[in-house]
Amino acid sequence: MQESIDSKKYFSGELLEWYERSKRDLPWRRQRDPYYIWVSEIMLQQTRVDTVIPYFQRFIERFPTIKDLAEAPEEDVLKCWEGLGYYSRARNLQAAARQVMERHGGVVPDNKAEVASLKGIGPYTTGAILSIAFNRPEPAVDGNVMRVLSRYFLIEEDIAKTGTRTLIEELAAGLIPRGRAADFNQALMELGALVCTPKSPQCLVCPVMAHCAARLEGVEEALPVKSKAKPPRPEYRLVALVEGDGEHAGRVLVRRRPAAGLLARMWELPHIPAAANAGEGAGLPDGPAMDRLAAALSEAGVAARPLEAFMDAEHTFSHIHWNLRVFRFREAAGELAAPGGIAAGPSGSLPGPGFGPGPGTDAAAKAVAEASAAYESGASANEAEEYRWIAPEDMEGLAFPNVFLRILKQYSPLWSLS
DNA sequence: AAGTCGGGGTT
DNA sequence: AACCCAGACTT
């Protein structure tokens, strides 16, 4: 037992000393404001420090206090989050700010149960806020910590399992030196981010290399053990980039996504599912696809004439891989968009697999119907999407996922300003 | 326990 | 181009 106490003291002591020398100067570390810690921890979920820094600065400028955040329109919060991804983090953060206003008068609670009950705050973030903001001896186990400890203590359990995280939490809790929770937890994560990296860890500069079990066994690169995620399923979609005419000249047609599900409440270019028959559709002309898009636009009350296939774009979510084919349209003001009756524009200008003209087989028809149903299921019943003609300057108030920002930017640099 | 939620990095 | 990284919530 004596040995394990000494071993703990060695690990924690060396780590704290290294952290004092090596810690990065980060915006949320310049003062110990629980609100700053909270916002930064939410942003840092699944997101690198370098990406977060400019978002954090802008967010705090725009919403300096919990009260400002609680009282802001949700669109403003979403716009501030544009490009960061996982947008439910932003909605949950604002919902939690409102909870803190109501329950605690705008002051972040320092009690574990109350912190953990706030929206968007799970086991990791609870520990991070309590330890970093209030120096409470709670573990904060993120991916960095699981990697560092699984190597140092040669833990070969699958870190994707719930039980392994619990095990590591207990281990981490026992390592916190009295009165040093804030620095120790940050040191552990900092080591994972800067030295004990997933690939090619920098063991030679590691402060605890001498007693790292994985290093001593030569298996540091093989840890942590983690079961692989399922690959994302491919989805094929036809996107309409509709240029306005007449009173809509200089504008583009956009719509807002349903309130729940993928990219909830974000703005986007209109799109519909294409046949998911990758490979089988190789070389098919784009004409029929444009006709189907025109018909869909017509159902939304927009008459548009197809111009050309404009570009292909891809976007990978954790569980879906979008293959998008974008078509340019011109609004045909006053005309009725007769589904299927519009002369097809140039065909086949973007060769490639996966963009069949639509349900050509039973299987393809089924795939399209399923994809369509999946999209609709995001909304409660048949919530009407909101369509809008926007000019470039309107982008300042509307949040778009990155994939549509890329398309608009390629369409014209005018649309690149955020 | 498995699936849903973005976006970017390294190799 | 292929592969890797990762918290909270829902089911």
Side-chain angles (χ1 to χ4, degrees), chain A residues 38-55 78 80-96 115-129 139-148 150 157-166 168-169 185 189 192-194 196-202 221-235 257-268 312-324 352 374-375 377-378 399-406 418:
Chain A
W38 176 17
V39 171
S40 71
E41 288 300 339
I42 300 296
M43 286 186 172
L44 287 164
Q45 290 168 7
Q46 290 80 36
T47 312
R48 314 173 62 83
V49 165
D50 291 341
T51 306
V52 165
I53 289 173
Y55 280 93
L78 220 45
C80 224
W81 212 269
E82 180 185 74
L84 253 192
Y86 287 110
Y87 299 97
S88 66
R89 291 185 297 173
R91 289 190 302 272
N92 287 338
L93 177 59
Q94 189 184 30
V115 170
S117 75
L118 296 171
K119 260 193 176 286
I121 299 187
Y124 163 73
T125 310
T126 299
I129 290 174
V141 174
D142 70 348
N144 289 309
V145 174
M146 288 199 282
R147 186 170 58 253
V148 169
S150 73
E157 260 78 30
D158 183 353
I159 63 164
K161 304 280 186 199
T162 312
T164 307
R165 211 210 66 223
T166 309
I168 294 180
E169 262 179 14
N185 282 352
M189 293 188 271
L194 300 180
C196 196
T197 48
K199 302 281 176 198
S200 316
Q202 307 296 302
E221 295 257 25
L223 291 175
V225 173
K226 191 183 174 190
S227 50
K228 290 196 198 318
K230 270 178 50 176
R233 65 176 183 272
E235 244 183 60
R257 295 181 61 88
L262 188 69
L263 300 169
R265 273 181 245 186
M266 301 284 286
W267 290 84
E268 65 179 5
D312 283 351
E314 290 183 45
H315 191 68
T316 307
F317 306 90
S318 308
H319 55 306
I320 304 171
H321 182 84
W322 266 1
N323 297 277
L324 307 179
Y375 181 82
S377 71
F400 286 77
N402 267 354
V403 61
F404 295 106
L405 292 176
R406 271 189 273 123
S418 83

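Keep in mind that the numbers below use all heavy atoms, side chains included, and drop hydrogens, waters and symmetry copies. Labels below follow one simple rule: chain letters A, B, ... track the order of the sequence lines, proteins then strands, and each chain is numbered from 1. Just so we're clear, the structure is a prediction, and the values are computed from it rather than from any experiment.
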Residue set satisfying salt bridge (Lys or Arg N to Asp or Glu O under 4.0 Å) with A/Arg91, at least two apart, ordered chain then number -> none
Winner on side-chain proximity to A/Asn402, out of B/dT4, B/dG6, B/dG8, is B/dG8
Taken to the nearest whole Å, CD/A/Glu268 to C1'/B/dG6 is 14 Å
(Q) Does A/Arg147 reach a base, just sugar-phosphate, or nothing at all? Heavy atoms under 4.0 Å. (A) sugar-phosphate
Minimal heavy-atom distance between A/Glu221 and A/Pro198, with the atoms involved, is OE1-O, 4.4 Å
Checklist entry - With a non-hydrogen cut-off below 4.0 angstrom, is A/Ser88 in contact with a base, only sugar-phosphate, or nothing? => result nothing
Between NE2 of A/His315 and P of B/dG6 the distance, given in whole Å, is 8 Å
Between B/dG6 and C/dC4 - P atom distance, rounded Å: 22 Å
Residues at least two apart in sequence or cross-chain that pass side-chain hydrogen bond (donor to acceptor under 3.5 Å, both in side chains) with A/Ser227, listed by chain then number, are A/Asp158
Taken to the nearest whole Å, CZ/A/Arg89 to P/B/dT4 is 19 Å
On DNA chain B, more 5' by nearest nucleotide between A/Tyr87 and A/Lys161 is A/Lys161
Per the under-4.0 Å heavy-atom filter, residues of residues 38-48 of chain A near DNA chain C come out as A/Gln45, A/Gln46
Taking the C1' atom in each of C/dC5 and B/dC5, what is the distance between them to the nearest angstrom?
15 Å
ask   = Does a nitrogen or oxygen in the side chain of A/His319 sit under 4.0 Å from OP1 or OP2 of B/dC5?
value = yes
Atom CH2 of A/Trp81 and atom P of B/dC5 are separated, to the nearest Å, by 18 Å
DNA chain C: first to last nucleotide in contact with chain A (atom under 4.0 angstrom from a heavy atom), 5' to 3', is C/dC4 to C/dC9
Considering only atom P, compute the distance from C/dA6 to B/dT11 and round it to an integer number of Å. 14 Å
Discussion item. Need one value for A/Thr316: base, sugar-phosphate or nothing, where a base atom within 4.0 Å counts as base even if backbone is also close, heavy atoms only.
Written reply: base
Residue set satisfying side chain to side chain contact (heavy atoms under 4.5 Å, CB included) with A/Tyr124, at least two apart, ordered chain then number -> A/Glu41, A/Ala128, A/Ala140, A/Asp142, A/Met189
When rounded to whole Å, the OH to P distance for the pair A/Tyr86 and B/dT4 reads 12 Å
A/Val49 meets the side chain to side chain contact (heavy atoms under 4.5 Å, CB included) criterion, sequence neighbours left out, with A/Arg24, A/Leu26, A/Trp28, A/Leu44, A/Ile53
Please work out if A/Ile121 contacts a base, only the sugar-phosphate, or nothing of the nucleic acid, heavy-atom cut-off 4.0 Å.
-> sugar-phosphate
Residues at least two apart in sequence or cross-chain that pass side chain to side chain contact (heavy atoms under 4.5 Å, CB included) with A/Ser318, listed by chain then number, are A/Tyr86
Ring pair (Phe, Tyr, Trp, His ring centres under 6.0 Å) filter on A/Tyr55, not counting sequence neighbours, yields none
Salt bridge (Lys or Arg N to Asp or Glu O under 4.0 Å) filter on A/Arg265, not counting sequence neighbours, yields A/Glu74
From CH2 of A/Trp322 across to C1' of B/dC5 the rounded distance in Å is 12 Å
If you measure from the C1' atom in C/dC9 to the same atom in B/dG8, how many Å do you get, rounded?
23 Å
Whole-Å distance, A/Ile159 CD1 to B/dA1 P, equals 15 Å
Any side-chain donor paired with an acceptor under 3.5 Å for A/Asn144 and A/Arg147?
yes
Of A/Gly85 and A/Lys230, the one whose nearest nucleotide on DNA chain B sits closer to the 5' end is A/Lys230
Run the numbers on A/Val148 and A/Val145 for side-chain contact (heavy atoms from CB on, under 4.5 Å), then give the verdict. CA-CA 5 Å; A/Val148 169; A/Val145 174; 5.8 Å; no
Taken to the nearest whole Å, CG/A/Leu405 to P/B/dG6 is 14 Å
